[in-house]
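Order of the sequence lines fixes the chain letters, A, B, ..., with proteins taken first and strands second; residue numbering starts at 1 for each chain.
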Amino acid sequence: MRGARFADEADYWGAEVPESGELRSRMHAELRDKLRLGRPLRVYLGVDPTSTDLHVGHFVPLQKLRRFQDLGHQVVFLIGDYTATIGDPSEQTSERKRLTHEHVLELAGNYTEQAYRILDPARTEVRYNGDWLGKLSFADVIELASIFPMKQIVARRDFQRRMEQGESLRFHESLYALMQGYDAYMLKCDVQVGGYDQHFNMLAGRAIQEHFGDPPHVMLTNPLLIGTDGRKMSKSYGNVINVHDAPGDMYGKTMRMADEHIQAYLELTSSLASDAIDAEVQRLQDGANPMEVKKRLAFDLVRQYHGEAAADEAAETFRRVVQRQEVPDEVPEVMVPSHLLGATWVDLCAGLDLSASKAEARRLMRQGGFYVEQTPVKDTEARAEIPPAGVLLRLGKRRYYRLLPGA
RNA sequence: GGGGAGGUUCCCGAGCGGUCAAAGGGGACAGACUGUAAAUCUGUUGGCUGAUGUCUUCGGAGGUUCGAAUCCUCCCCUCCCCA
C-alpha cells in the first residue's frame with residue numbers, strides 16, 4: 001500500500017488557496033520538523049460512523065496509521081459520534097440524512113472492531129468527539145465561527161456546486177468544519193490523516209489550533225478510492241468492497257472491476273510494496289492480460305482480510321466457477337417445504353424468495369437465465385421435480401442453489 | 001413574512017382530463033460477444049394472470065367529473081428572489 005501523500009489538490013479550498021505545490025512542500029517541511037522533536041508523534045484519524053461496514057477505501061488511512069504505529073508513534077482513532085449526527089457535507093451533492101445518537105453509537109462498535117484488523121490496539125487511543133463537542137456553549141461556537149471569513153466557508157467547491165444546482169444547503173452544514181477543526185485542537189495531535197475530501201476540514205483544524213496558540217497539525221491526505229465501476233464508491237451503487245465481504249465475494253468483486261481501475265486499487269488497497277506495484281503497472285503497460293494482474297490484486301485483498309488459505313480457495317473457485325462455468329463447491333441449500341413440492345418453478349422461486357416476484361421468475365425463464373441441473377428451462381408452466389438427493393438450480397450467471405425436499 | 005417555481009415509477013426526467021403502468025435517459029437484471037471485466041448489441045424492468053384482463057402507483061387528505069398524474073380546496077415538503 002502506498003498512495004497517502006501530503007495535502008495538495010488545493011482547489012478544494014476554493015479561491016483562497018496557496019499554490020498546491022506550496023502547501024504540499026510546507027507539509028513536508030512541517031512533518032520533518034515534527035519528526036525531529038524526538039518524541040512519538042500523535043497521529044489521528046477521525047471517522048464518522050454512518051454505516052455498518054467499513055469498506056476497503058477506509059483502510060487506506062488506517063494502513064497509514066499502522067505504519068506510524070510500527071515506527072513507534074501514538075495513534076488516536078476518533079469516533080465522530082457527535083459529528084455523525086450532523087453529517088459531513090464534504091463532497092456531498094445534497095443534504096445528508098441526520099442520524100440519531102443511539103444509532104451512531106451502535107455503528108461505532110463495528111467501526112473500532114473493524115479498525116483493529118489493521119491497528120495495534122495497544123498503541124491506539126479511542127476517543128469520542130461527543131465528549132467535548134456536546135459541552136460547547138453557544139458563545140464557544142460563536143468564537144470558533146469568528147475565526148473563519150464567510151468567504152472561505154461559501155467558496156467551498158461542494159457548497160458552490162449545490163447552490164448553483166439549486167440543491168438544498170443548510171446553515172448547519174457549514175458548521176461541520178468547525179466541529180472537526182475543534183476535534184483536532186482538543187486531541188492535541190501532530191498529524192491528521194484522511195481522504196482528500198477532508199481537506200477543508202483539516203485546514204479548519206489548523207486555523208483553530210493556531211487561533212488558540214497551538215502548533216497546527218500536519219495534513220496527510222490520500223486519494224479517495226473509487227468504486228469498482230469507476231463511480232464514487234457508494235453502497236447504493238453496489239460498487240463497494242466491504243471489509244466484511246466473504247472471501248469469494250471479495251475476489252469476485254475485484255475481478256469484476258473495470259480494467260482501468262486496477263492501478264488505483266493496487267496503489268491504495270494492496271499490501272504490495274512500492275516496487276512490486278510499479279512492476280504490475282509496468283506489466284499492464286506492456287500489454288499483459290489485465291486479468292492476470294487483477295487476479296494478483298484480488299488474491300492480495302482476500303489474503304489481507306481473510307488469510308492465505310481463504311485467498312487460495314477464492315482464486316480456485318473463481319477459476320472453476322466463472323472461467324470454466326463449473327458448479328461451485330459450496331452451493332447454498334434451500335429446503336423446499338412440502339406445500340411447494342409439486343408447484344411450478346415459478347411459484348417455487350417466488351415462494352422461497354429466490355426471485356422478487358413470480359413475474360421476475362418468468363422473465364428469467366423467458367430470457368434463458370433459468371437453469372435446472374445446468375439445462376435452461378424456458379417453459380414458464382414447468383413443474384419442479386425435487387428428488388430426495390436434491391436438484392441444482394441456477395439463476396443467471398452465478399446464482400446457484402441446491403433445492404432439497406424439506407418438511 | 002411577501003412574491004415565484006416545483007414535488008411523477010429504483011434515480012433523473014417528460015406528461016398536464018380519457019389513447020398512461022405513464023416517453024426518454026441512467027441504473028438493475030437476462031442473453032449474445034469476450035481473456036476476468038469494461039465497452040458494444042438485444043431484450044426485460046409494479047403485482048396477479050397463459051392471455052384478453054384486473055388491482056395498486058404519479059407528496060398527503062378531501063372534492064369536481066362518466067373518467068384525474070393531469071382541474072379545484074386545504075395541508076406537508078423543496079428550491080429561487082425579496083425582506
Side-chain angles (χ1 to χ4, degrees), chain A residues 92-98 154 159-173 226-241 248-266 280 283-284 286-302 311 314-326 328 343-351 353-372 374-383 393-400:
Chain A
Q92 295 297 306
T93 54
S94 58
E95 202 177 331
R96 296 183 79 130
K97 283 195 295 283
R98 310 260 315 253
V154 173
F159 283 6
Q160 283 289 320
R161 193 184 303 133
R162 281 166 64 181
M163 287 191 276
E164 275 162 24
Q165 304 194 338
E167 290 289 340
S168 143
L169 177 64
R170 303 248 159 205
F171 188 42
H172 74 271
E173 298 184 69
I226 47 172
T228 51
D229 59 356
R231 291 184 287 174
K232 180 185 161 193
M233 194 180 257
S234 154
K235 209 191 315 186
S236 54
Y237 290 151
N239 61 4
V240 173
I241 300 178
D249 275 353
M250 198 177 262
Y251 197 97
K253 283 181 181 179
T254 308
M255 293 307 291
R256 246 167 277 136
M257 95 169 114
D259 292 347
E260 309 78 280
H261 307 127
I262 296 177
Q263 187 172 347
Y265 271 76
L266 274 173
E280 292 298 329
R283 272 219 293 162
L284 282 174
D286 292 343
N289 184 344
M291 181 178 68
E292 296 305 326
V293 179
K294 219 186 280 181
K295 277 185 170 177
R296 174 138 190 220
L297 172 66
F299 181 88
D300 179 73
L301 270 182
V302 179
E316 179 53 27
T317 301
F318 181 83
R319 212 167 291 133
R320 292 203 12 236
V321 177
V322 179
Q323 296 192 275
R324 285 191 235 125
Q325 301 234 352
E326 290 171 18
T344 60
W345 286 113
V346 169
D347 286 335
L348 190 141
C349 284
D353 280 333
L354 302 182
S355 64
S357 64
K358 293 185 186 180
E360 191 181 284
R362 265 187 220 109
R363 219 173 282 141
L364 253 185
M365 286 182 144
R366 273 195 276 264
Q367 293 178 148
F370 192 100
Y371 308 81
V372 175
Q374 300 296 63
T375 308
V377 173
K378 294 206 169 192
D379 176 8
T380 53
E381 289 303 295
R383 290 192 174 273
L393 184 67
R394 177 179 144 211
L395 306 179
K397 272 197 171 58
R398 55 180 163 268
R399 282 172 63 202
Y400 286 93

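Nucleic acid contact for A/Phe370: none, since no nucleic acid atom lies under 4.0 Å from a heavy atom of the residue. Heavy atoms of A/Tyr251 sit nowhere under 4.0 angstrom from any nucleic acid atom. Residue contacts for A/Met257: at a heavy-atom cut-off of 4.0 Å it reaches the sugar-phosphate backbone alone, with no base atom in range. Across all strands, A/Lys295 comes closer than 4.0 Å to no nucleic acid atom at all (heavy-atom distances).
Atom NZ of A/Lys378 is separated from atom P of B/rU44 by 14 Å (rounded to the nearest Å). A/Leu395 places its CG atom 11 Å from the C1' atom of B/rA30, with the value rounded to the nearest Å. Look at OH on A/Tyr265: it is 14 Å from C1' on B/rA38, rounded to the nearest Å. For the pair A/Asp229 CG and B/rA38 P, the interatomic distance rounds to 10 Å; values are reported in whole Å. Note: CE (A/Met365) to C1' (B/rG43) measures 18 Å, nearest angstrom. Note: CE (A/Met250) to C1' (B/rU36) measures 18 Å, nearest angstrom. The nearest whole Å value for the distance from the CZ atom in A/Arg366 to the C1' atom in B/rA51 is 11 Å. Nucleotide B/rA28 holds its P atom 12 Å from the CZ atom of A/Arg398, rounded to whole Å.
Each of A/Phe318 and A/Thr380 was assigned the nucleotide of RNA chain B with the nearest heavy atom; the assignment lying further toward the 5' end belongs to A/Phe318. Comparing A/Arg362 and A/Ala258 by the nucleotide of RNA chain B whose heavy atom lies nearest to each, the residue mapping closer to the 5' end is A/Ala258.
Which of B/rU36, B/rA30, B/rG47 sits closest to the side chain of A/Ala359 comes down to B/rG47.
In this structure, A/Arg170 does not pair ionically with A/Glu173, as no charged nitrogen and carboxylate oxygen lie closer than 4.0 Å.
Contact of the A/Leu297 side chain with the A/Glu280 side chain is not registered, since no non-hydrogen atoms from C-beta on lie closer than 4.5 Å. Looking at heavy atoms from C-beta onward, A/Val154 lies in side-chain contact with A/Gln160 at the 4.5 angstrom threshold. Residues A/Leu395 and A/Phe370 are in side-chain contact: their nearest non-hydrogen atoms beyond the backbone lie under 4.5 Å apart. Residues A/Tyr251 and A/Thr317 fail the side-chain proximity criterion, which asks for heavy atoms closer than 4.5 Å.
Of the side-chain N and O atoms in A/Arg399, none sit less than 4.0 angstrom from OP1 or OP2 of B/rA30. A sub-4.0 Å separation between OP1 or OP2 of B/rA37 and a side-chain N or O of A/Lys294 is absent. OP1 and OP2 of B/rA30 both lie 4.0 Å or more from every side-chain N or O belonging to A/Tyr371. OP1 or OP2 of B/rG47 has at least one side-chain nitrogen or oxygen of A/Arg363 nearer than 4.0 Å. Note on A/Lys397: a side-chain N or O is less than 4.0 Å away from OP1 or OP2 of B/rG31.
Here the closest non-hydrogen pair linking A/Leu169 and A/Met163 is CD2-CG, 3.6 Å.
Contact annotation: side chain of A/Asp259 to base of B/rU36, donor-acceptor pair present below 3.5 Å. Under 3.5 Å, the side chain of A/Gln367 and the base of B/rG43 form at least one donor-acceptor pair of N or O atoms.
As the counterpart of B/rC41, B/rG31 is assigned, both hydrogen-bonding distances of the Watson-Crick or G-U wobble pattern falling under 3.5 Å. Nucleotide B/rG6 forms a Watson-Crick or G-U wobble pair with B/rC77, both donor-acceptor distances falling under 3.5 Å. Base pairing annotation: B/rG1 forms a Watson-Crick or G-U wobble pair with B/rC82, both donor-acceptor distances under 3.5 Å. B/rG24 is paired with B/rC12 under the Watson-Crick or G-U wobble criterion, all donor-acceptor distances under 3.5 Å.
Spacing of P atoms, B/rC20 relative to B/rG53, comes out at 13 Å, to the nearest Å. With C1' as the reference atom, B/rG17 and B/rA69 are 10 Å apart, rounded to whole Å. B/rG26 and B/rA32 have their P atoms separated by 22 Å, with the value rounded to a whole Å.
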For this session: Could you check A/Met365 against A/Val346 for side chain to side chain contact (heavy atoms under 4.5 Å, CB included), going step by step and ending with a plain yes or no?
Result: CA-CA 9 Å; A/Met365 286 182 144; A/Val346 169; 3.9 Å; yes

